[in-house]
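Structure, as structure tokens:
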Number of protein chains: 2
Amino acid sequence: MSDEVFHPAIEDLPLSKVLAALADPARLAIVRAVAVADPDDGLACTLLPEQAGLRLSKSTMSHHQRILRECGITRTRIVGSRRTLRLRREELDRRFPGLIAATLAAPAEPVGTSARRPAASA
Amino acid sequence: MSDEVFHPAIEDLPLSKVLAALADPARLAIVRAVAVADPDDGLACTLLPEQAGLRLSKSTMSHHQRILRECGITRTRIVGSRRTLRLRREELDRRFPGLIAATLAAPAEPVGTSARRPAASA
DNA sequence: AGATGAGTTCGATAGATATCGAACCCTTCG
DNA sequence: CGAAGGGTTCGATATCTATCGAACTCATCT
């Protein structure tokens, strides 16, 4: 279990934190993409823009991945120079039974809905 | 169904909005309190501070109630000079199966955890 | 009518947070 | 070694939002 990056213990996670992490269309898209990936292999971050249908800068993607990780939703594994994401399914199901299932079962929404778009400046 | 206040149609609600509405400890407390109230009578707003264990100003309470209402989670009914809240259970279950159940089943967290406390100024 | 009680609305404030580009760190590959 | 690929971190920016008190509205009660 030697983590190279920080992962919180599931028991420490308040529901509101987890909901807040999920309450962003971009992160929902990421979670959906990770959820359909092979649970053992995980999903390579490189594939996220494509798999999740996101057109965000590298730094913003990194930001979202960090939120998901620090809120206990995903686990990041480092493989050489790249990283893969996987859902912490069992753990989440243990602490918040039904929450992930309900989230994934809900109708998907187009990314961009209700997001904080930064005013597409000149 | 003549509403005196605005209530969105369930079909219009993106998941992220609903999650955002739930992602606040104070609002979670409100939802829990409303959920245990009689579904027909609803919960009188006056009782919220007591039932939900919240010490917030009137205006802040009003704000949270508005968010919950506008995000389709509660329905506000006006009775004379006071109002009651009820969960839009069936509707929510229809659009987001399992979500409310999972939310209510999750371990309750102390209000004040991870909330935006405004610096308790001098 | 006047006072009281229940809530909303407004304006201000402090603190998140979503987004980006630039600079930076590793690992891999030529 | 040097370049390229994959990600993180930093700083800036704009927006959002949780909170409060004060002023207001409407219904009820005396």
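Chain A is the first sequence line, chain B the second, and so forth, proteins listed ahead of strands; every chain is numbered from 1.
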Enumerate the protein-to-nucleotides 21-30 of chain D contacts in which both atoms are nitrogen or oxygen and the separation is below 3.5 Å.
residue: D:dG21; atom: N7; partner: B:Ser59; partner atom: OG; Å: 3.1
residue: D:dG21; atom: O6; partner: B:Ser59; partner atom: OG; Å: 2.9

- Query: Considering residues at least two apart in sequence or located in another chain, which fulfil the salt bridge (Lys or Arg N to Asp or Glu O under 4.0 Å) criterion with B:Arg89?
  - Reply: B:Asp93
- Message: Suppose clustering is done on Ile, Leu, Val, Met, Phe, Trp and Tyr with side-chain heavy atoms closer than 4.5 Å. Which residues sit in the same group as A:Val36?
- Response: none
- Item | Within residues 61-73 of chain B, residues whose heavy atoms come under 4.0 Å of DNA chain D | B:His63, B:His64
- Message: A:Arg94: which residues meet the salt bridge (Lys or Arg N to Asp or Glu O under 4.0 Å) condition with it, sequence neighbours left out?
- Response: none
- Query: Near DNA chain D, under 4.0 Å by heavy atom, which residues of residues 37-46 of chain B?
  - Reply: none
- Task: Identify, with sequence neighbours excluded, every residue that meets salt bridge (Lys or Arg N to Asp or Glu O under 4.0 Å) alongside B:Arg82.
- Result: none
- What is the distance, rounded to the nearest whole Å, between atom CZ of B:Arg55 and atom P of D:dT19? 15 Å
- Message: Going by side chain to side chain donor-acceptor pair (under 3.5 Å), name the residues that satisfy it together with A:Thr76, two or more places apart in sequence or in a different chain.
- Response: none
- Note on the structure: Atom CG of B:Leu47 and atom C1' of C:dA6 are separated, to the nearest Å, by 12 Å
- Message: What is the separation between atom CG on B:Leu19 and atom C1' on C:dT17, rounded to the nearest whole Å?
- Response: 17 Å
- Message: Give me each pair satisfying side chain to side chain donor-acceptor pair (under 3.5 Å) with a member in residues 5-14 of chain A, each pair once, sequence neighbours excluded.
- Response: A:Asp3-A:His7
- In whole angstroms, the gap separating P of C:dA18 from CG of A:Asp24 amounts to 5 Å
- Message: List the residues meeting side chain to side chain contact (heavy atoms under 4.5 Å, CB included) with B:Gln51, not counting sequence neighbours, and say none if there are none.
- Response: B:Ala33, B:Leu43, B:Leu47
- Please name all residues satisfying side chain to side chain donor-acceptor pair (under 3.5 Å) with B:His64, sequence neighbours left out, ordered by chain then number. B:Arg27
- Message: Around atom CZ of A:Arg77, are there more than 12 heavy atoms from other residues, nucleotides or ligands closer than 6.0 Å?
- Response: no
- Using the test salt bridge (Lys or Arg N to Asp or Glu O under 4.0 Å), find all partners of B:Asp41 that sit at least two apart in sequence or belong to another chain. none
